[in-house]
Chemist: 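Let me give you the structure first, and then I'll get to my questions.
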Amino acid sequence: MTIERLHQPDETATALPGSPPEPTAVSVSGSAPESTAVSVSGSAPESPAAAREEARGLEAPRFLGARRRPAALSVAVRIAVPLLLLAAWWYGSASGRIPPDVLAAPSAVAGALRELIATGQLTGYLLASGHRAGLGVLAGGGLGLVLGVAAGISAVGEELVDPTMQMLRAVPFLALVPLFISWFGVGETFKIVLIAVAAAIPMYAYTYLGVRNVDRKVVEAARGFGLRGHRLALGVVIPSALPSILMALRISLSVSLTGLIAAEQIGATEGIGYLVTLAQQYFRPDYMVLCILVYAALGLVFDGAIRLLERVAMPWRGHVVAR
């Protein structure tokens with residue numbers, strides 16, 4: 001027995017404005033329905049077979065973690081290009097394609113190195129240059145760090161410090177040599193001040209940029225917890241700007257070598273820059289090339305020290321780049 005009834009909804013029922021009444025169908029059947037399907041959305045549910053068919057076109061996710069490269073392979077790749085340059089230099093000198101008055105042969109440079117080591121001058125010169133560079137970078141880098149944090153964290157500090165530092169940044173520090181000589185003479189003070197000025201400018205610029213890029217919400221949250229002044233700078237701002245500060249330190253150390261060469265060529269009696277001056281006076285290409293290699297080795301030492309400091313202070317940085 002089947003009874004079908006189609007009726008309109010009660011006129012007294014409340015309907016949404018603007019929507020016409022819909023007919024309601026009621027079906028009663030003597031036989032029970034075979035299956036009942038309830039669908040919330042307008043489309044029928046997807047079958048497992050269709051889902052598997054759709055998943056066939058997808059790729060399995062790749063491993064996104066850090067893959068450690070073998071240490072031997074990493075070292076080999078790092079020294080491959082320097083070794084190729086050394087081999088080309090040796091071949092050019094041995095074959096006569098590179099005249100000795102243009103570029104000294106590796107054997108001549110090695111002989112100059114043995115001579116300096118035997119006389120003990122190399123150790124004394126390195127210690128003298130390291131002392132000057134260390135004091136200059138410590139003074140200039142510390143001053144640039146303080147000024148960069150002050151200008152980046154405070155509007156008043158930026159108004160007071162940034163215009164002057166930007167003007168000094170546009171002036172080559174080597175142009176200040178005659179002025180510093182008239183102020184400090186040609187003694188150690190002149191050399192340390194020149195290196196300090198050379199190191200302070202990049203330290204300020206990168207520190208200021210790093211502090212300005214610190215998330216403002218983090219600073220506001222720290223201030224909400226009562227951090228002010230040096231506690232805010234040391235506890236929140238400097239750690240957040242640490243990548244830029246370490247990059248500033250790396251560049252400051254590189255620029256300080258330039259200031260060291262310029263400082264030690266004036267009124268110096270020891271140091272690597274003084275050795276460069278002697279090589280020019282006596283026309284010793286082997287000593288000139290040796291000094292260049294010494295500066296390159298110092299640059300590698302500085303870079304390695306900064307890399308080690310980055311791994312200790314920021315262990316998460318190793319997972320940022322693709323390995």
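Numbering starts at 1 and runs along the sequence shown. These numbers come from a predicted model, not from an experiment.
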Chemist: I want to check something: taking the side chain as every heavy atom from C-beta on, are P106 and S93 in contact at a cut-off of under 4.5 Å?
Modeler: yes
Chemist: With distance as the sole test, does T207 use its side chain to make a donor-acceptor pair with the main-chain N or O of G148 at under 3.5 Å?
Modeler: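 Not at all, since once roles are kept as given, no pair shorter than 3.5 Å links the two residues.
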Chemist: Using side-chain heavy atoms (C-beta onward) and a distance below 4.5 Å, is E310 in contact with M247?
Modeler: no
Chemist: Measure from the side-chain N and O atoms of T277 to the backbone N and O of G273, and report whether any donor-acceptor pair falls under 3.5 Å.
Modeler: yes
Chemist: Do Y204 and L145 come close enough that some side-chain heavy atom pair is under 4.5 Å?
Modeler: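 No, every pair of side-chain atoms sits at 4.5 Å or beyond.
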Chemist: Rounded to the nearest 0.5 Å, what separation is found between the CG atom of L194 and the OG atom of S256?
Modeler: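 Taking CG in L194 and OG in S256, the distance rounds to 10.5 Å.
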Chemist: Salt bridge or not for R132 and E188, using N-O below 4.0 Å?
Modeler: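 So R132 pairs with E188 through a salt bridge.
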Chemist: Tell me whether the rings of W183 and F180 are parallel (<30°), tilted (30 to 60°) or perpendicular (>60°).
Modeler: tilted
Chemist: Does the side chain of L249 come within less than 4.5 Å of F302's, by heavy atoms?
Modeler: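 Side-chain contact under 4.5 Å: no.
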Chemist: Are I98 and I292 co-members of a hydrophobic cluster defined by side-chain heavy atoms under 4.5 Å apart?
Modeler: no
Chemist: Specify the closest pair of heavy atoms between M288 and F283, including all atoms of both residues, with the distance to one decimal.
Modeler: CE-CA, 4.4 Å
Chemist: Under 3.5 Å, is there a donor-acceptor pair between the side chain of W89 and the main chain of A104?
Modeler: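 Indeed, once roles are kept as given, a pair shorter than 3.5 Å links the two residues.
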Chemist: How many angstroms lie between SG in C291 and CG in L278, if you round to the nearest 0.5 Å?
Modeler: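 Taking SG in C291 and CG in L278, the distance rounds to 9.0 Å.
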Chemist: Under the 3.5 angstrom rule, does the side chain of S129 hit a backbone N or O of L126 as a donor-acceptor pair?
Modeler: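 No.
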Chemist: Taking I238 as the starting point, is it possible to reach L147 by hopping between hydrophobic residues whose side chains are less than 4.5 Å apart?
Modeler: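 Different clusters: L147 never reaches I238 through Ile, Leu, Val, Met, Phe, Trp or Tyr contacts under 4.5 Å.
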Chemist: Please walk me through it: do V289 and L103 pass side-chain contact (heavy atoms from CB on, under 4.5 Å)?
Modeler: CA-CA 8 Å; V289 176; L103 184 62; 3.7 Å; yes
Chemist: Using 0.5 Å steps for rounding, measure from the OG atom of S182 to the CG atom of L176.
Modeler: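 Taking OG in S182 and CG in L176, the distance rounds to 10.5 Å.
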Chemist: Kindly give the heavy-atom pair with the smallest separation between V149 and A233, and that separation in Å.
Modeler: CG1-CB, 4.1 Å
Chemist: Specify the closest pair of heavy atoms between I251 and P202, including all atoms of both residues, with the distance to one decimal.
Modeler: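 Answer, listing the atom of I251 first, then P202: CG2-CB, 3.9 Å.
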Chemist: Can you name the closest pair of heavy atoms from V211 and A241 and give their distance?
Modeler: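 Heavy atoms of V211 and A241 come nearest at N-CB, 3.8 Å.
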Chemist: List the steps, then state whether side-chain contact (heavy atoms from CB on, under 4.5 Å) holds for V109 with L113.
Modeler: CA-CA 6 Å; V109 176; L113 178 61; 5.7 Å; no
Chemist: Using the rule that Ile, Leu, Val, Met, Phe, Trp and Tyr join whenever any side-chain heavy atoms are under 4.5 Å apart, tell me whether L253 and I201 fall into a single cluster.
Modeler: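 Shared cluster, no.
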Chemist: Would you confirm whether T119, through its side chain, and E115, through its main-chain N or O, come within 3.5 Å as a donor-acceptor pair?
Modeler: yes
Chemist: So how far is it from L86 CG to L293 CG, rounded to the nearest 0.5 Å?
Modeler: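 The distance works out to 9.0 Å.
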Chemist: With hydrophobic residues grouped by side-chain heavy-atom distances under 4.5 Å, do V197 and L174 end up in a single group?
Modeler: yes
Chemist: Please report the closest heavy-atom contact between V186 and K191, naming both atoms and the distance.
Modeler: O-NZ, 2.7 Å
Chemist: Set out, in order, the CA-CA distance, both residues' side-chain angles and the distance that settles side-chain contact (heavy atoms from CB on, under 4.5 Å) for Y206 and I245, then state yes or no.
Modeler: CA-CA 6 Å; Y206 279 88; I245 293 175; over 6 Å; no
Chemist: Shortest non-hydrogen contact from I153 to R223?
Modeler: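 The answer is O-NH2, 4.0 Å.
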Chemist: Is the shortest side-chain heavy-atom distance between R212 and E158 below 4.5 Å?
Modeler: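 They are in side-chain contact.
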Chemist: Can you measure from CD1 (I261) to CD1 (I272) and round to the nearest 0.5 angstrom?
Modeler: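 CD1 of I272 is found 10.0 Å from CD1 of I261.
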Chemist: Given the rule that I, L, V, M, F, W and Y join up when any side-chain heavy atoms are under 4.5 Å apart, are L84 and Y91 in one cluster?
Modeler: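 Hydrophobic grouping puts L84 apart from Y91.
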Chemist: With a 3.5 Å distance limit and no angle check, can you tell me whether Q265 reaches the backbone of Y274 through a side-chain donor-acceptor pair?
Modeler: no
Chemist: Would you indicate whether the side-chain heavy atoms of F173 and L168 approach each other to under 4.5 Å?
Modeler: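 They are not in side-chain contact.
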Chemist: Between D286 and R284 (salt bridge meaning N to carboxylate O under 4.0 Å), is one present in this structure?
Modeler: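 Yes, D286 and R284 are salt-bridged.
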Chemist: Can you measure from CG (L122) to CD1 (I117) and round to the nearest 0.5 angstrom?
Modeler: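 Answer for the CG-CD1 pair, L122 versus I117, is 5.5 Å.
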Chemist: Quick one, N213 and L209 - any side-chain contact, counting heavy atoms below 4.5 Å?
Modeler: yes
Chemist: Within the structure provided, determine whether F190 and I266 are in side-chain contact (heavy-atom separation under 4.5 Å).
Modeler: yes
